[in-house]
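Chain naming here is simple, since letters A, B, ... match the order of the sequence lines and numbering starts at 1 in each. The model shown is predicted, which means the values in this text are computed figures rather than measured ones. Hydrogens, waters and symmetry mates play no part in the numbers below; they use all other heavy atoms, side chains included.
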Amino acid sequence: MTTIRLTNSKTRRKEDFQPIDPSNVRMYVCGPTVYDRAHLGNARPVVVFDTLYRLLRHVYGAAHVTYVRNFTDVDDKINAEALRRQKAGSPGTLEDLIHERTEETIAWYHADMDALGALRPNQEPRATEFIGQMIVMTEGLIASGHAYAVEGHVLFRVRSYKDYGKLSGRSVDDMIAGARVEVAPFKEDPMDFVLWKPSSGEEPGWASPWGKGRPGWHIECSAMAHELLGESFDIHGGGLDLQFPHHENEIAQSACAHPHGDFAHYWLHNEMLQVEGKKMSKSLGNFFTVRDLLDQGIPGEVIRFVFLMTHYRSPMDWTAEKARQAEATLRKIADFLHSDPLTQPWVDRNSVNAPQEVIDALANDLNTSLALTHLSRYLKEGDYVALLGSLRLLGFYPDALKVKFATFAAEAHENDSTSGYSVSSLGLSKRTSEILVEKLKELTSLRSLAMASKDFAAVDALKSALIAAGVEVRMSKAGVELVPGPDFDPAKLEALQ
RNA sequence: GGCGGGUUGGCGGAGAGGUUACGCAGCGGAUUGCAAAUCCGUGAAGACCGGUUCGAUUCCGGUACCCGCCUCCA
């Protein structure tokens, strides 16, 4: 069996992955706060852990992996948006409006992440469905002396957990020395963090032993991971920015609440995303969502491919140039997949496996970049089976690639014995195809005239016009081919009429 | 200030203690009415200083620079 090796943030080492129970490998990944469309940075951990999920399913069997990713639907930004809508006259209670907002955001999230080829996790719990468990856990922490209630708040007593700071390599004393946070006066220790806080009149809240309130951010993941995966599970993932304080606090809560378990055995953190060399931020004006890219016509497969080009523990720079390269490669792959079926070996697409070297690349701490290198080689060598298996493992669907990326080609060919036209059309309208064929005929006849007269002016004029419309023009002894490229604009083509 | 990560050829980006990464771009050639596409070939690297070693871009230490986190942003 393939041994998966993963860099464990907990030990700062690359380790052999040994599941607690190979018949039920369990992974928890911190999901989004559902207050708005997912931005591109949100998508990186989704693709990273989707890749790991697919690898785990490959190695242990699809039925033996449980992947949980939460939706954080308790949040000040959600409340603020709901309140804004209420004040703008939307009907319904504040709770209704909050629910409406989170439902709509979750639907967007699903649509956007589906477009990236990410499998849905086995479970996607929402914080609001686990408030009871959070309260029970908080009560337990108070009872065992790890937390204290004060002024409607419940705070975790950081000093009560000796390993606090171990995951992120920080000491409580150092952090206090360098702290820039304003400290609430009722905290015993400046680093103590909130498990429960009171809700004011217009904020959503739940009844609790400490009055009407809502949970702190960190407790939800501890409570849901415990409920769905148990006291100990295998992998906990998320973005590097969550390592501190979020994951540190999760560990502290869980370890103290469930002293017999040891929470997550392997912690994985993906590095952050940049855009054209800079941090993506609203203030720099380089902030965009996954939906923005999709709407610009950049397919999800391109986004996924660009992500996979960079190792997950390196910062990834999103650039237009990378998107261009990724798209060019996907087009080549699609053209190859779309080539004459008779030249390709017959395989059952749904069962073909990736070559071992691709599995090995992923098993070596998710070396997706190396996996893509292998993939390019299969393309170059025309190894249909290896390519198909690799695409599947990496989360690309051959049929979708063909529809989105395979070239439409209108081709006129002639030789001594035959001449004719062939059209292969995917994803273009009938009208566009017809115009393309018309232009092809026109170009072909102009060209034969020019070949005799040696006056190529008319041919070149038509050729330039086609190129301007984003259509690649290929002329050879065998005939003429028109291939709409990435910049193809049907409107410009039609204007040539 | 504290903590963590990084620095590979024009650009992107891997592996491996000694032997070509690879992709894009470039250059040369084949091909073409001209191009495009395709194919063939090709130059170019390991921030800096020191150590370990027969040998380091790869291991260890230091320096410089860059990035992130410490602010309920993945």
Side-chain angles (χ1 to χ4, degrees), chain A residues 9 12 29-33 35-36 38-49 72 74-77 165 167-171 173-182 191 193-194 197 215-220 237-246 248-249 269-274 277-282 287 306 309-311 313-317 319 321-322 324-326 328-329 332 335 361 364 367-377 379-380 407 409 447 450-456 459-460 463-464 466-467 471-478 480-483 485:
Chain A
S9 302
R12 287 155 223 283
V29 173
C30 291
T33 301
Y35 66 97
D36 204 351
H39 64 249
L40 192 62
N42 292 307
R44 171 116 107 138
V46 173
V47 173
V48 166
F49 293 105
T72 298
V74 179
D75 176 78
D76 290 342
K77 277 176 270 195
L167 177 72
S168 53
R170 295 153 203 252
S171 80
D173 294 321
D174 286 347
M175 283 186 286
I176 291 170
R180 307 192 309 216
V181 212
E182 219 173 299
M191 295 313 293
F193 59 89
V194 170
K197 60 185 171 184
W217 173 39
H218 317 293
I219 192 75
E220 67 172 75
L240 190 59
D241 58 334
L242 292 182
Q243 191 177 42
F244 187 88
H246 183 56
E248 198 71 71
N249 293 352
H269 291 100
N270 62 275
E271 251 288 0
M272 310 304 280
L273 176 106
Q274 298 185 321
K278 292 189 171 137
K279 178 176 173 158
M280 182 165 81
S281 72
K282 287 179 177 163
F287 180 95
V306 170
M309 280 162 68
T310 301
H311 186 89
R313 282 188 297 105
S314 295
M316 200 215 76
D317 197 13
T319 63
E321 170 60 16
K322 281 187 188 171
R324 188 197 65 75
Q325 277 191 28
T329 304
K332 281 189 202 172
D335 279 340
N364 184 11
N367 193 341
T368 49
S369 173
L370 187 61
L372 290 181
T373 297
H374 294 319
L375 192 107
S376 299
R377 205 180 69 248
L379 175 65
K380 197 175 173 183
T407 306
R447 183 164 176 256
M451 293 291 234
S453 69
K454 299 295 172 204
D455 176 8
F456 290 93
V459 179
D460 288 340
K463 193 175 87 174
S464 309
L466 287 166
I467 290 169
V471 181
E472 197 180 279
V473 180
R474 301 177 188 172
M475 289 187 265
S476 68
K477 273 191 289 199
V480 179
E481 257 187 294
L482 296 184
V483 182

Could you measure between the two P atoms, the one in B/U63 and the one in B/U53, and give it in whole Å?
-> 24 Å
Which nucleotide sits closest to the side chain of A/R12: B/A36, B/G4, B/C73?
-> B/G4
Which part of the nucleic acid, if any, lies within contact of A/G238, taking any heavy atom under 4.0 Å across all strands shown: a base, the sugar-phosphate backbone alone, or nothing?
-> sugar-phosphate
Quote, to the nearest angstrom, the P distance that separates B/G43 from B/G4.
-> 43 Å
Candidates B/G33, B/A74, B/A14 - which lies nearest the side chain of A/M475 | B/G33
Mate of B/U58 across any strand shown (Watson-Crick or G-U wobble, both atom pairs under 3.5 Å) is none
Closest to the side chain of A/M272, out of B/C70, B/G68, B/C34, is B/G68
Nearest-nucleotide 5' precedence on RNA chain B, A/M451 against A/D241 | A/M451
Across the strands shown, which category fits A/V194 at heavy-atom distances under 4.0 angstrom: base, sugar-phosphate, nothing?
-> nothing
RNA chain B: A/N364 or A/L273, which has the more 5' nearest nucleotide?
-> A/N364
In Watson-Crick or G-U wobble terms, both distances under 3.5 Å, what is the partner of B/G68?
-> B/C3
Report yes or no: is there a donor-acceptor pair, N or O only, under 3.5 Å between the side chain of A/D317 and the base of B/G12?
-> no
Do A/M475 and A/V459 touch side chain to side chain, with heavy atoms closer than 4.5 Å?
-> yes
Does a side-chain heavy-atom distance below 4.5 Å link A/R447 with A/V480?
-> yes
Test item: A/N367 side-chain N/O and A/L370 main-chain N/O as donor-acceptor pair under 3.5 Å = yes
Counting just side-chain N and O atoms, does A/T310 come under 4.0 Å of either OP1 or OP2 of B/G13?
-> yes
Is any side-chain nitrogen or oxygen of A/N367 closer than 4.0 Å to OP1 or OP2 of B/G15?
-> yes
Please evaluate the base of B/A74 for a donor-acceptor partner in the side chain of A/H39 within a cut-off of under 3.5 Å?
-> yes
Provide the distance between the two P atoms, one in B/U19 and one in B/G5, to the nearest whole Å.
-> 29 Å
When the C1' atoms of B/C40 and B/G46 are considered, how many whole Å apart are they?
-> 29 Å
Decide yes or no for A/V306 and A/M316: does some side-chain heavy atom of the first lie under 4.5 Å from some side-chain heavy atom of the second?
-> yes
What does B/A36 pair with, Watson-Crick or G-U, if both distances are under 3.5 Å?
-> none
Pairing partner (Watson-Crick or G-U wobble, both distances under 3.5 angstrom) of B/U63 | B/A47
Can you measure from CG (A/D455) to CG (A/D460) and round to the nearest 0.5 angstrom?
-> 9.0 Å
Classify the ring geometry between A/H246 and A/H218 as parallel (under 30°), tilted (30 to 60°) or perpendicular (over 60°).
-> tilted
What distance, rounded to whole Å, do you find between the two P atoms, one in B/G12 and one in B/C67?
-> 15 Å
Selected nucleotide, minimal atom distance to A/P45 side chain, candidates B/C69, B/A74, B/C34 = B/A74
Assign a letter to each nucleotide of nucleotides 20-26 of chain B from its 5' end: B, base within under 4.0 Å of a protein heavy atom; S, sugar-phosphate only; -, no contact.
-> -BSBS--
What does B/U19 pair with, Watson-Crick or G-U, if both distances are under 3.5 Å?
-> none
Check A/L40 against A/M280 and note the closest heavy-atom contact, atom names and distance.
-> N-CE, 3.8 Å
Tell me the partner of B/G10, counting only Watson-Crick (N1-N3 plus N6-O4 or O6-N4) or G-U wobble (N1-O2 and O6-N3) with both under 3.5 Å; none if nothing fits.
-> B/C24
What does A/F456 touch in the nucleic acid at a heavy-atom separation under 4.0 angstrom: a base, only the sugar-phosphate, or nothing?
-> base
Could you tell me whether the side chain of A/E248 and the main chain of A/S168 form a donor-acceptor pair under 3.5 Å?
-> yes
Straight-line distance of A/E271 CD to A/D241 CG, nearest 0.5 Å | 9.5 Å
